[in-house]
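Report on the following structure.
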Amino acid sequence: MSENGYIINSKGFEADLRELRDWLDSADKVLIGAGAGLSAAAGLSYLDEELFKRFQPEMAARGYRYPYQLFEREKENWPLAREWAYNARHINFVRYVFPPSELYKKLLAILLGKDFFVVTSNCDRQFLRTGFPSERLFEAQGSYDRLRCSAGCTGETWDVKPFIDRLLPLIDTEAFMITDESAIPSCPYCGAPLFAAVRQYEGYKAERQRYIGWVEASVGNKLCIIEIGVGFNTPAVIRWPFERLTLAHGSARLFRINKEYREWPGHGGFSMIPRELCGKARSMPYDARDVIESLYETGR
Ligand SMILES: [Zn+2]
């Protein structure tokens with residue numbers, strides 16, 4: 001079935017859920033891929049204007065409406081004192097104020113007892129904070145937790161939390177700047193600014209290799225692949241590899257849960273389900289919360 005050029009092959013919520021339940025119960029292995037849509041379903045949405053007003057009031061007063069707009073800030077040439085006023089607020093809220101999510105805990109309950117693995121592009125650490133075992137998790141985009149030298153003079157990284165604690169009381173809310181520039185994170189060796197250690201931190205390659213090893217070991221097994229809320233900000237991280245894996249794997253089924261696909265700007269005309277995968281993938285254009293809660297209820 002094609003709708004406005006996007007292939008949506010869902011058969012309705014109940015039928016799709018039954019099919020997913022059957023695959024979950026009968027598969028040897030379950031691979032989860034989670035993007036921003038999962039945290040949005042858990043209440044932490046980077047498109048939520050009300051949430052933004054609450055945790056970034058100075059930015060809201062300047063006409064910004066939600067965090068994703070802040071990707072524009074590179075064009076505005078923010079001084080470091082503002083960059084870190086924003087970062088301190090953002091990281092503090094996402095990482096330390098927002099509580100471990102009940103929705104993530106339900107997802108974990110659904111997976112317990114199964115041979116599962118999670119790959120995520122989310123930096124908010126919700127998987128670890130809700131009890132997912134680190135050895136079954138690959139944070140492909142790292143997290144907010146570590147900082148590294150922007151000049152790359154060392155491979156060493158630093159915990160972000162002490163910096164955040166120091167910066168928060170130093171925010172001048174009028175100018176929205178850090179008042180004491182000496183508090184802005186800088187490299188103790190070369191003095192360059194510190195930035196998020198997205199993929200460059202100790203252990204990243206080993207985590208990535210563990211994920212690849214788990215996927216390679218799924219050859220010959222029945223593999224249930226569940227993609228949750230993955231859009232087109234970084235499709236090369238989860239979305240496209242999952243499509244290739246589904247196509248190449250002898251016994252895999254991809255369930256793509258994404259409510260906002262059709263509204264998402266910048267999908268570049270890619271189908272929700274590529275034509276080649278029609279017999280091996282199911283589109284589930286539903287709220288991830290509804291799907292996870294229904295699976296949780298039917299699995300008890
Ligand atoms: Zn340095």
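Given the structure is predicted, the values throughout are model-derived calculations rather than measurements. The figures here come from the full heavy-atom set of this structure, side chains too, leaving out hydrogens, waters and symmetry mates. When a ligand or atom number is given, it counts from 1 through the structure's own listing order.
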### Message
Which of the protein's N, O or S atoms come within less than 2.8 Å of the Zn ion (ligand 1), not counting waters?
### Response
Cys149 SG, Cys153 SG, Cys187 SG, Cys190 SG
#### Entry: Glu181: salt bridge (Lys or Arg N to Asp or Glu O under 4.0 Å) partners, not counting sequence neighbours
none
### Query
With a cut-off of under 6.0 Å to the ring centre and 45° to the axis, is Arg129 in cation-pi contact with Tyr104?
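No, Arg129 and Tyr104 do not form such a contact.
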### Task
To the nearest 0.5 Å, tell me how far Cys224 SG sits from Arg21 CZ.
10.0 Å
### Message
Within the 4.5 Å heavy-atom criterion, are Lys29 and Phe117 side-chain neighbours or not?
### Response
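Counting from C-beta outward, Lys29 and Phe117 never come under 4.5 Å.
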### Message
Is the shortest side-chain heavy-atom distance between Leu254 and Leu245 below 4.5 Å?
### Response
no
### Query
Below 6.0 angstrom between ring centroids: does that apply to Phe138 and Tyr204?
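Centroid separation for Phe138 and Tyr204: below 6.0 Å.
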